[in-house]
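For this chain, numbers begin at 1 and follow the sequence in order.
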Amino acid sequence: MNEEKHVRRIVIAGGGTAGWMAAAAIARTLGPAVELTLVESEAIGTIGVGESTIPPLVNFNRLLGINEADFMRATQATFKLGILFDDWKDVGSRYFHSFGLTGKDHWSAGFQHFWMHGRAKGHDQPYDDYCLELVAALDGKFAHLPDDRMNYAYQLDSGLYARFLRRMAEKDGTKRIEGRIGRVELDAESGDIAALVLDGDRRIEGDIFLDCTGFRALLIEGALHAGFDDWTHWLPCDSAIALQTPNVRPPVPYTRAMAHDAGWQWRIPLQHRSGNGLVYCSRYLDRDAALERLLGNIEGEPLTEPNFLRFTSGVRRRQWYRNCVAIGLSGGFMEPLESTSIHLIQRAVLRFVRMLPAGRVSARDVAEFNDQQGQDMEQIRDFLVLHYKVTNRRDSAFWRQCADMPIPDSLTQKIELFRETGRVFRRNEELFAENSWVQVMMGQGIEPQSYHPIATKLRDDELEKLLATIRGQVSDTVAKLPEHHAYVARYCGAEAAEAA
């Protein structure tokens, strides 16, 4: 791409969640400053299994001025307070990764240090008891609280979310063109993308192109050959099967991730049905056996035919190359263990918008975009690898491979620092907060060998009062909360017939 290039015409290749999130954000933010066109084909399906999200999506919707109740009604959404992990540390064990804060931190040390000191003094209450979101989730409770004191995300139908955003984006001026991309035409002089050529030889010209074509990556890789770094040696699962079932009980405000001997299974409750899926490593489990396992561990009869997926965990070496930006799966993929797929779309879209000041794109912006996107994906990668590496499971070849695999130095540092000192440091706007790392590392079985001396400054009576007060506040608040399913029904209840 040229050192500096004026951007007027933005073309989005592909619809789905990625394409319409990009269109909605750009149209709402830049408006008439750009000509925005989205090209998609109804004949090409989307992955459509990104049903579990994380809290930043709340802010994304707020930035776009979306009414939450309307959005949740349209997408069959429920609230999500975290993820319940079954059988990860050991078969029969479980722990909860919540979206909230646990206890009260001191500026010099996280709450886990005070909790560990309390445990050494004979206070044996679980770490979980000090987190509002965690206790509320397991009790099946939810409500919006003053000052946004309850951190939450959504469990939603991603296909309905794309449809919701499409209506919004088209209202804001996005032009949608129906058609299949036949080829990508490059400028002979610059090497940039000049146009998308649809079947029938219709040309769609643009100044910058967003590749939202999913795993196919038709623009960023198919035309521009940006390169791909394979992370399968750290994240060995390469296959998934997804299907939907009716709800057989009221939906809970959390997602479940249930480990098995070759991967894990998800269960995500929406208002009137649940999303289910089995993620596995094809080296240790074949497709027929995987389907049999999934069908044997669902609740209710399937509503849909199984959707079989193959993927390679990894990242595009350049997310922004020449005049093309990869958004979503075209930029890379990591399995949905911590529900980060929609978040990575959001980060890329908002970062792209921020890096278009006055409608001009600088090569320095491109370099910064790639650096920030790369850091995001590496930090998320490390968090996912943690779940597989730190485990007591040795009951199958899959888990033995995970236990023996070398891991990135960045993750080794985080694990060993916590093991030795109980400390976690969050870097460069890292997605997962200190409490997320603490919950997962302790849940996976890491016991810190020491804690910060600041915790010892409290007298025994002061420590006892601190811990009892926090537990009491959590317990009292949860006791007053309504049942999650009842709150959803009042706040954003949708008709079952609207489900996709």
Side-chain angles (χ1 to χ4, degrees), residues 16-17 45-54 72-88 94 96 137-138 140 142 153-164 237 239-280 285-311 335-339 341-342 483-489 492-500:
T17 309
T46 59
I47 298 299
V49 297
E51 298 179 320
S52 194
T53 69
I54 55 178
M72 294 186 69
R73 195 174 295 111
T75 60
Q76 291 280 316
T78 56
F79 292 100
K80 177 186 173 185
L81 296 173
I83 304 172
L84 178 62
F85 287 90
D86 293 295
D87 300 327
W88 286 82
R94 62 170 33 182
F96 199 92
L138 294 181
F142 181 85
Y154 309 107
Q155 299 168 139
L156 54 81
D157 185 310
S158 60
L160 293 178
Y161 186 40
R163 198 179 304 171
F164 178 86
C237 291
S239 304
I241 309 172
L243 54 79
Q244 299 172 10
T245 56
N247 286 344
V248 299
R249 59 176 55 86
V252 293
Y254 58 85
T255 294
R256 289 185 67 185
M258 300 164 279
H260 59 82
D261 62 13
W264 62 282
Q265 178 181 338
W266 76 74
R267 185 174 296 155
I268 306 170
L270 279 63
Q271 289 191 34
H272 298 290
R273 55 97 173 163
S274 291
N276 305 269
L278 195 84
V279 178
Y280 63 99
L285 191 67
D286 66 38
R287 171 171 151 158
D288 291 341
L291 179 59
E292 182 180 1
R293 180 170 299 179
L294 176 60
L295 293 174
N297 195 34
I298 57 176
E299 299 178 327
E301 294 298 316
L303 296 172
T304 58
E305 291 297 316
N307 183 12
F308 296 93
L309 307 170
R310 289 298 301 266
F311 57 83
E335 59 171 85
L337 182 58
E338 285 283 354
S339 313
S341 293
I342 289 178
E483 296 291 331
H484 168 253
H485 65 92
Y487 188 83
V488 168
C492 57
E495 296 294 331
E498 295 178 10

Could you report the tightest heavy-atom contact between Glu483 and Gly140, atom names first, then the distance? OE1-O, 3.4 Å

Reported CG-to-CE distance for the pair Leu270 and Met72, which is rounded to 0.5 angstrom: 9.5 Å

Look at the side chain of Gln76 and the backbone N and O of Glu495, then say whether any donor-acceptor pair between them is shorter than 3.5 Å. yes

So Leu337 and Ile83, side-chain contact (heavy atoms from CB on, under 4.5 Å) or not? Walk me through it. CA-CA 9 Å; Leu337 182 58; Ile83 304 172; over 6 Å; no

Within the structure provided, determine whether Arg267 and Asn297 are in side-chain contact (heavy-atom separation under 4.5 Å). yes

Among Val279, Asn276, Leu291, Asn307, which residue meets the side-chain contact (heavy atoms from CB on, under 4.5 Å) test with Ile241? Leu291

Side chains of Gln271 and Val488: does their closest heavy-atom pair fall under 4.5 Å? yes

Check the angle between the aromatic planes of Phe164 and Tyr161 and answer parallel, tilted or perpendicular using the 30° and 60° thresholds. parallel

Within this structure, what is the OH-CG distance for the pair Tyr280 and Asp261, rounded to the nearest 0.5 Å? 13.0 Å

For Arg293 versus Ala262, what's the shortest heavy-atom pair and its separation? NH1-N, 4.2 Å

Residue pair Gln265 / Leu294, side-chain heavy-atom distance below 4.5 Å: yes

Looking only at heavy atoms, which two atoms of Glu338 and Phe85 are closest? And how far apart? OE2-CZ, 3.3 Å

Salt-bridge present (Asp157, Arg163; N to O < 4.0 Å): no

Closest approach of Asn247 and Ser274, non-hydrogen atoms and distance? OD1-OG, 2.6 Å

Gap between atom CZ of Arg94 and atom CE of Met258 - 0.5 Å precision: 10.0 Å

Could you tell me if the side chain of His260 sits less than 4.5 Å from the side chain of Leu285, heavy atoms only? yes

From Leu295 atom CG to Leu278 atom CG, the distance as rounded to the nearest 0.5 Å: 9.5 Å

Taking all heavy atoms of Ser52 and all of Ile268, pick out the closest pair and write down the distance. CB-CD1, 3.6 Å

Using only atom types and a distance under 3.5 Å, with no angle test, would you say the side chain of His484 pairs donor to acceptor with the backbone of Thr78? no

What do you reckon, is CD of Glu292 surrounded by more than 12 foreign heavy atoms closer than 6.0 Å? no

Mind checking whether Trp88 and Trp264 have parallel, tilted or perpendicular rings, split at 30° and 60°? tilted

Taking atom types as modelled, find out whether Lys80 and Thr53 have a side-chain donor-acceptor pair closer than 3.5 angstrom. no

In Å and rounded to the nearest 0.5 Å, what is the OG1 to CD distance from Thr245 to Glu301? 9.5 Å

Name the orientation class of the two ring planes belonging to Phe79 and Phe142 (parallel below 30°, tilted from 30 to 60°, perpendicular beyond 60°). parallel

Any side-chain heavy-atom pair of Pro269 and Arg249 under 4.5 Å: no

Closest heavy-atom pair, Leu81 versus Phe96, reported as atoms and distance to 0.1 Å, is O-CE2, 3.9 Å

Distance in Å, Leu156 CG paired with Glu51 CD, rounded so as to fall on 0.5 Å steps: 7.5 Å

With sequence neighbours excluded, tell me which residues meet ring pair (Phe, Tyr, Trp, His ring centres under 6.0 Å) with Phe311. Phe333

Could you check Leu84 against Val252 for side-chain contact (heavy atoms from CB on, under 4.5 Å), going step by step and ending with a plain yes or no? CA-CA 11 Å; Leu84 178 62; Val252 293; over 6 Å; no

